[in-house]
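Just so it is clear, the structure is predicted and the values come from calculations on it, not from any experiment.
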2 protein chains.
Amino acid sequence: MDLTHPEGGERVTLRDVAVRAGVHVSTASRVLRRRDRGTESRGRLSDTAERVRRIADELGYRPDPYAASLRTQRTDTFGVLVPALTDLVLATIYDAIEETAKERGYDTFVANTRDDLEEQRRRVDLLLDRRVDGLILGDARLDSTFVDELAARDVPFVLTSRRHGAHPSVTCDDELGGRLAAQHLLALGHRRVAVVAGEPYASTGQDRTRGFLDVCRESGVRVPASRVLHSRFDVAGGRAAAERLLAVRTPPTAVFAVNDFAAIGVMGALRDYGMRVGEDVAVVGYNDVPIARELPVPLSTVRSPLREMGEQAVAALCARLDGQDIGVVRLAPEMIRRASSVPVRRDQG
Amino acid sequence: MDLTHPEGGERVTLRDVAVRAGVHVSTASRVLRRRDRGTESRGRLSDTAERVRRIADELGYRPDPYAASLRTQRTDTFGVLVPALTDLVLATIYDAIEETAKERGYDTFVANTRDDLEEQRRRVDLLLDRRVDGLILGDARLDSTFVDELAARDVPFVLTSRRHGAHPSVTCDDELGGRLAAQHLLALGHRRVAVVAGEPYASTGQDRTRGFLDVCRESGVRVPASRVLHSRFDVAGGRAAAERLLAVRTPPTAVFAVNDFAAIGVMGALRDYGMRVGEDVAVVGYNDVPIARELPVPLSTVRSPLREMGEQAVAALCARLDGQDIGVVRLAPEMIRRASSVPVRRDQG
DNA sequence: GCTCACCGTGCAATCGATTGCAGGAAAGGT
DNA sequence: ACCTTTCCTGCAATCGATTGCACGGTGAGC
């Protein structure tokens with residue numbers, strides 16, 4: 001067996017490379033470290049450097065990132081917190097975060113917090129134990145001072161998906177998104193409208209709902225509190241809210257759900273009540289996830305730039321680590337009209 | 001300011017605790033390390049131990065996991081590879097993996113490989129650089145020898161979602177699942193059936209398709225090759241395949257898609273061709289993701305125990321690290337009947 | 001009262017890298 | 001030809017923990 005190139009056995013360390021190349025380990029470190037910097041173009045390599053690199057390649061040397069961080073006090077990793085990866089919205093944002101971070105030389109650690117305050121604290125502590133260089137939080141809650149505490153502790157972080165006060169964040173302009181939805185439904189002639197508003201502690205639901213209601217008010221359309229219901233952001237949540245909305249004498253002719261999955265739940269409830277989506281009740285969602293357009297009744301929705309949010313969140317965190325000051329970034333939403341929302345019928349009055 | 005308890009400043013190290021407690025750092029290490037073992041019950045603590053613990057708590061000491069792994073050569077972390085976290089099926093499995101791993105004292109690193117062979121190699125190397133104690137692969141490809149190579153390198157791993165030869169794996173019994181789908185559709189009287197078969201390199205799609213076709217053959221129902229189409233596992237993939245299936249003189253009366261999202265894509269295509277799901281063409285999916293039952297036409301599907309797969313995959317990997325031999329585990333699927341598949345009509349014959 | 005075992009503690013090496021400092025060689029300037 | 005600058009390299013300390021070894025004290029056993 002070829003003991004000089006251990007495959008499944010012991011790892012090749014910098015020392016192995018150095019010994020083999022007949023140089024000191026510090027020399028080997030410098031040579032290999034420079035390579036990473038990419039400043040290759042500046043002049044030819046010395047013989048030694050050439051040799052060290054060749055041997056490192058031959059031996060399949062891979063530096064131990066932990067040993068390096070121990071010394072440098074940097075880990076080149078980010079921690080990412082999400083309420084749940086099974087939520088396609090957050091999964092998409094995380095996907096973009098991971099990809100962008102990698103391009104910039106960072107690895108990421110994700111953690112699910114199930115929107116639980118205790119879990120949020122625990123997971124952040126675990127991530128900080130792992131010496132992450134910064135955090136991206138996708139689960140900020142308006143009813144918690146946790147992000148304020150983080151800021152006070154000087155932990156570098158950026159919020160995404162949900163914003164929180166003046167803390168650095170990259171989100172969709174949800175208030176505008178809510179306004180677009182309202183303008184759309186009102187333009188179709190709907191006057192008896194309802195909102196499936198999401199969790200009260202999430203800025204997403206709150207802002208979308210506020211924008212929506214603001215436009216209604218400005219247009220003189222009254223929306224009683226009984227037609228604005230909080231809900232979970234998933235299918236079951238939308239369904240539960242819709243069941244309450246429909247169990248009245250004059251149900252709404254249009255429902256704005258602040259999340260596509262909740263909107264799908266609303267559609268399910270409508271079906272069970274014998275009502276046709278679009279024809280009997282208009283439904284508008286939020287985010288424009290890929291299935292929205294393929295549903296048996298394609299879902300009208302407000303598109304939010306999910307991947308862009310992830311990308312910019314990483315950019316913002318990097319900028320922050322560079323000492324720059326990033327503020328609150330809001331990306332533009334776009335109204336997508338589909339078959340689930342059509343003009344109100346006369347008899348729906 | 002209270003310099004004895006640095007909040008945002010330098011970290012508290014074991015040395016700080018030791019000095020403060022008036023003991024050697026090794027003593028502090030031993031005391032705190034024993035706590036983790038949980039063998040607390042065995043007798044009262046010595047004064048020293050008591051003091052060290054108290055001080056560690058007061059100072060908010062948190063051990064540096066990297067420094068520890070450097071010495072112990074264990075990281076208590078697993079690496080997890082998935083084709084994409086934006087696929088709810090894999091996200092759900094990962095969610096269970098993460099939770100189970102944490103219960104057993106392991107942190108996890110996830111990586112997306114987009115089902116790309118190059119990326120798969122790269123990401124595994126990065127995970128191994130990070131000294132993960134083991135890998136869980138959710139993206140094994142039948143057209144690649146990568147897992148064979150990993151096995152040859154003695155890297156501890158377990159496959160999930162997709163199996164590969166005799167390598168340790170925890171999957172759904174997909175062949176049985178395919179059989180269930182076929183039995184269901186044939187029992188409804190369908191004879192002109194089609195399969196949206198997923199990617200050819202995934203055991204999931206392959207096994208489900210094989211099971212389905214086996215039952216058809218055993219029942220004397222011929223399924224021409226033109227009605228078995230490969231596809232991506234997402235909505236767009238199902239839609240593309242369905243468009244080809246429907247662009248013929250006598251389209252099938254039933255379609256089995258090996259994935260719920262692909263099934264939703266099929267439903268979208270049917271709608272655009274003016275056909276009604278369930279009434280004109282039966283559709284059966286696979287996995288029973290939560291939206292399946294809330295779709296305007298609820299989707300019949302083969303339920304696979306996704307969370308259980310994740311849990312057992314972790315258990316299997318732990319067992320393997322304990323030196324035990326785990327074989328190929330297949331969990332039972334279940335047929336869920338809903339409105340998207342109804343008895344064939346006379347005129348469809 | 002003596003011996004042996006055991007427990008608690010300290011010492012120092014170690015894991016695998018990075019980096020400030022210093023010495024020597026080569027290159028460049030006058 | 002001499003001095004200065006620059007570059008390359010080696011030495012050794014360091015990051016924050018863990019752990020084998022040795023030593024001293026205490027308690028048990030006879």
**Asked** Of all heavy-atom pairs between A:Leu70 and B:Ala67, which one has the smallest distance, and what is that distance?
**Response** CD1-CB, 3.8 Å

**Fill in**
From the candidates C:dA17, D:dG16, D:dG10, the one with an atom nearest any side-chain atom of B:Leu70 is D:dG16

**Item:** Distance, rounded to the nearest Å, where A:Glu50 contributes CD and D:dT9 contributes C1'
**Value:** 18 Å

**Message:** What is the separation between atom CZ on B:Arg74 and atom P on D:dA17, rounded to the nearest whole Å?
**Reply:** 18 Å

**Asked** Tell me, which pairs form a salt bridge (charged side-chain N to carboxylate O under 4.0 Å, His left out) where one or both residues lie in residues 314-329 of chain A, sequence neighbours left out?
**Response** none

**Asked** Can you find a donor-acceptor pair, distance only, under 3.5 Å between A:Arg62 side chain and C:dG16 base?
**Response** no

N/O to N/O distances under 3.5 Å, protein versus nucleotides 24-26 of chain C:
none

**Message:** Looking at the base of C:dG16, is there any donor atom on it, or on the side chain of B:Arg131, that sits under 3.5 Å from an acceptor on the other one?
**Reply:** no

**Request:** Report the distance from atom CZ of A:Arg15 to atom C1' of D:dC11, rounded to the nearest whole Å.
**Result:** 13 Å

**Request:** Would you mind telling me which of D:dT18, D:dC21, C:dA17 lies closest to the side-chain atoms of A:Tyr61?
**Result:** C:dA17

**Request:** Can you pull out how bent the helix from C:dG1-D:dC30 to C:dT30-D:dA1 is, comparing the axes over its first five and last five pairs, to 10°?
**Result:** 30°

**Message:** Can you see if the side chain of B:Gln73 gets near the phosphate of C:dG16 - specifically, an N or O under 4.0 Å from OP1 or OP2?
**Reply:** yes

**Nucleotide D:dA17, atom C1' - distance to CZ of A:Arg130 in whole Å** = 14 Å

**Request:** Return each pair, listed once, that meets salt bridge (charged side-chain N to carboxylate O under 4.0 Å, His left out) where at least one residue sits in residues 67-83 of chain B; pairs must be two or more places apart or across chains.
**Result:** B:Arg74-B:Asp76

**Message:** I want to check one thing: is the phosphate of D:dA17, taken as OP1 and OP2, less than 4.0 Å away from some side-chain N or O of B:Ser29?
**Reply:** no

**Message:** Counting only side-chain heavy atoms from C-beta out, which of D:dA13, D:dG10, D:dA17 sits nearest to A:His24?
**Reply:** D:dG10

**Request:** Would you mind telling me which of D:dT19, C:dT18, D:dT9 lies closest to the side-chain atoms of A:Thr27?
**Result:** D:dT9

**Prompt:** For D:dT19, does either OP1 or OP2 sit under 4.0 Å from a side-chain N or O belonging to B:Arg71?
**Reply:** no

**Message:** Distance check needed: C:dC15 P versus A:Asp16 CG, whole Å only.
**Reply:** 11 Å

**Request:** With the side chain of B:Arg30 defined as its heavy atoms from C-beta on, choose the nearest nucleotide among C:dA17, C:dT19, C:dT9.
**Result:** C:dT9

**Message:** Taking ring-ring contact (aromatic ring centres under 6.0 Å, His included) as the criterion, tell me which of A:Phe109, A:Tyr106, A:Tyr94 meets it with A:Phe78.
**Reply:** A:Tyr106

**Request:** Could you tell me whether B:Arg123 and A:Glu98 have a side-chain N and a carboxylate O separated by less than 4.0 Å?
**Result:** yes

**Message:** Rounded to whole Å, please give me the gap between CG in A:Leu32 and P in C:dG16.
**Reply:** 16 Å

**Message:** Applying side chain to side chain donor-acceptor pair (under 3.5 Å) as the test, list every pair that has at least one member in residues 308-318 of chain A; sequence neighbours left out.
**Reply:** A:Glu308-A:Gln312

**Prompt:** Is the CZ atom of B:Arg15 crowded by more than 12 outside heavy atoms at less than 6.0 Å?
**Reply:** no

**Prompt:** Any side-chain donor-acceptor pair under 3.5 Å between A:Asp95 and B:Thr86?
**Reply:** no

**Donor + acceptor pair across side chains of B:Ser26, B:His24 (<3.5 Å)** = yes

**Request:** Return the value, rounded to whole Å, for the distance between atom CG of B:Leu14 and atom P of C:dT14.
**Result:** 20 Å

**Message:** By the 4.0 Å heavy-atom rule, please label B:Thr48 as base, sugar-phosphate, or nothing.
**Reply:** sugar-phosphate

Output a table of donor-acceptor pairs, distance under 3.5 Å, between side-chain atoms of residues 155-163 of chain B and any protein atom two or more places apart or on a different chain; print 'none' if there are none.
{"residue": "B:Thr160", "atom": "OG1", "partner": "B:Val170", "partner atom": "O", "Å": "2.9"}
{"residue": "B:Arg162", "atom": "NH1", "partner": "B:Asp115", "partner atom": "OD1", "Å": "3.0"}
{"residue": "B:Arg162", "atom": "NH1", "partner": "B:Ala140", "partner atom": "O", "Å": "3.4"}
{"residue": "B:Arg162", "atom": "NH2", "partner": "B:Asp115", "partner atom": "OD2", "Å": "2.9"}
{"residue": "B:Arg163", "atom": "NE", "partner": "B:Asp207", "partner atom": "OD2", "Å": "2.7"}
{"residue": "B:Arg163", "atom": "NH2", "partner": "B:Asp207", "partner atom": "OD1", "Å": "3.1"}
{"residue": "B:Arg163", "atom": "NH2", "partner": "B:Asp207", "partner atom": "OD2", "Å": "3.2"}

**Request:** Return the nearest nucleotide to the side chain of A:Ser26; candidates are C:dT19, D:dG16, C:dA17.
**Result:** C:dT19

**Asked** Given C:dA17, C:dG10, D:dA17, which nucleotide is nearest the side-chain atoms of A:Asp64?
**Response** C:dA17

